[in-house]
Student: 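Before I ask anything, here is the structure I am working with.
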2 protein chains.
Amino acid sequence: MTATRRSDTKSEILDIAERYWLRQGYNGFSYQHIAQDLGVKSAAIHYHFPAKGDLGVALVERMRRRFVRWAERTDAEIVGFWPRFDAFVAIYEAYLDDGKKLCPSGILDAEYHTIPEGMQEAAHGLTTAILRWLTRALRAGREAGEVSFNGEPEGAAIVVGATLQGAVQIARSLGRDAFHTTVEHLKKLLHP
Amino acid sequence: MTATRRSDTKSEILDIAERYWLRQGYNGFSYQHIAQDLGVKSAAIHYHFPAKGDLGVALVERMRRRFVRWAERTDAEIVGFWPRFDAFVAIYEAYLDDGKKLCPSGILDAEYHTIPEGMQEAAHGLTTAILRWLTRALRAGREAGEVSFNGEPEGAAIVVGATLQGAVQIARSLGRDAFHTTVEHLKKLLHP
DNA sequence: GTCTATAGGGAGATAGAC
DNA sequence: GTCTATCTCCCTATAGAC
């Protein structure tokens, strides 16, 4: 019985932890929450992740890898700036609809001064990966005449990233509509 | 000696708590942190704010009152959309430069699911006050031909609010420049 | 890989003296 | 208004049995 599960207990822990993390923040859950959901004792979690910081770093790194894979697949399969933009927005929409989660960057930035150093570094890596993809997408989109903005694509990328990060947060108290309103207006601002 | 301080101990507590709050979040400080900075015992804080939730609500309400006063003063003293916009941005800039604080809305939204109910309601009030002012400023600015956007001013207001909220967060890991880049690009997007 | 047991600390909060 | 003392609970983490 245990054997069936043993091999991927580690990723099960990550799955459960990720749920709590994106909803309540890194400081908003404990090993006991995870252990209870998993049906084991909290001490058992320490076998897989000795310190909570190890779990935190693993969560962020997994997010980064997941995003990089998403970006590769999107670039390969989806053509045109606006379809790609919509696919990107859909990531945030999924967070919002799945229990009012936040995007990982938003959580990480908000708790920045209280998380372990390793997590801060991993957070930087995640943010950078996201902004790099956005920059590439915006640059290609402008060259194709699909999108309009002044200045460097790097700057426009931060605007898009910051706006979506803020929008998914504001939607927590103002509701889903606030998110969609923000996205619609952002799109209008970027249209040529 | 105590008499000199006694009358405004309550606001001293709020001042100290606010510093911790905007830097580390509501769950990132305790009565002991405040008590130590104030030179008293943590039990003494409970006299002024029986439960931590009372302190939390007081922090948010004070922020809202402060913003409303700021808005009245700004509307009376500063003329024109862009000067008002810059004054608004300066609020966030001050957060960033004063120890990489976040804007209160950003903290409140991020910790939304872990803060007391009273704080959630107060958070809603604060966000609403900010968006109402932005909406008024944007509407008047468009009527005067100073700013350009499509659709309702309410929607553009959320975009501006969300972008600044996100920008001040991203600046925690990417640095001050990321904030200013975002603001510059946002301004370009809104220029007629 | 999971268990029990437990250490050690910090949290929020209360009672009652001064 | 501030103190000491104390309670209770939960947290992270470790040691060692199974």
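From a predicted model like this one, the values you see are computed outputs, not experimental measurements. Below, chain A is the first sequence line, B the second, and so on; all start at residue 1. We use all heavy atoms of the structure for the numbers below, so side chains are in, but hydrogens, waters and symmetry mates are not.
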Student: Does anything in residues 174-192 of chain B pair up under salt bridge (charged side-chain N to carboxylate O under 4.0 Å, His left out), and if so which pairs, sequence neighbours excluded?
Tutor: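 For residues 174-192 of chain B, and leaving out neighbouring residues, the salt bridge (charged side-chain N to carboxylate O under 4.0 Å, His left out) pairs sorted by first residue read Asp86(B)-Lys187(B), Glu93(B)-Arg176(B), Asp97(B)-Arg176(B).
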
Student: Please report the distance, rounded to the nearest Å, between CG in Asn27(B) and P in dC11(D).
Tutor: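 After rounding, the reported distance stands at 12 Å.
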
Student: Phe67(B) vs Phe88(B) aromatic rings, parallel, tilted or perpendicular, using cut-offs 30° and 60°?
Tutor: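 The rings of Phe67(B) and Phe88(B) stand perpendicular, inter-plane angle above 60°.
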
Student: I'd like to know if Arg66(B) and Glu18(B) make a salt bridge, using a cut-off of under 4.0 Å between side-chain N and carboxylate O.
Tutor: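 A salt bridge is present here (some side-chain N lies under 4.0 Å from a carboxylate O).
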
Student: Is the distance from the ring center of Tyr31(B) to that of His46(B) below 6.0 Å?
Tutor: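 Yes, close enough.
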
Student: Gln36(A) CD to dT12(D) P: how many Å, rounded?
Tutor: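 It works out to 13 Å between those atoms.
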
Student: Could you check how far CG of Leu38(A) sits from P of dC3(C), rounded to whole Å?
Tutor: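 Leu38(A) atom CG is separated from dC3(C) atom P by 9 Å.
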
Student: Would you give a per-nucleotide map of nucleotides 11-18 of chain C, 5' to 3', where B means the base has a protein non-hydrogen atom under 4.0 Å away, S means only the sugar-phosphate does, and - means neither?
Tutor: BSBB----

Student: Return the value, rounded to whole Å, for the distance between atom CD1 of Ile45(A) and atom P of dG1(C).
Tutor: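 So the CD1-P distance, Ile45(A) to dG1(C), works out to 13 Å.
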
Student: Could you check whether the rings of Trp82(A) and Phe85(A) sit parallel, tilted or perpendicular, using 30° and 60° as the cut-offs?
Tutor: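 Aromatic pair Trp82(A)/Phe85(A) classed perpendicular.
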
Student: Which whole-number value in Å describes the distance from Tyr47(B) OH to dG1(D) C1'?
Tutor: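 Atom-to-atom, Tyr47(B) to dG1(D), this comes out as 6 Å.
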
Student: Measure the distance from CD1 on Ile34(A) to P on dT2(C) and round it to the nearest whole Å.
Tutor: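 Answer to the nearest Å: 14 Å.
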
Student: So, are Glu154(B) and Arg139(B) salt-bridged, with charged N and O less than 4.0 Å apart?
Tutor: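 Yes.
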
Student: Please tabulate the protein-to-nucleotide N/O contacts below 3.5 Å involving nucleotides 7-9 of chain C, giving atom names and distances.
Tutor:
none

Student: Can you tell me if Arg172(A) uses its side chain to pair, donor with acceptor, with the backbone of Asp109(B) under 3.5 Å?
Tutor: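 Yes, Arg172(A) side chain to Asp109(B) backbone: donor-acceptor pair under 3.5 Å.
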
Student: Between Arg19(B) and Asp37(B), does any side-chain N to carboxylate O distance fall below 4.0 Å?
Tutor: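 No.
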
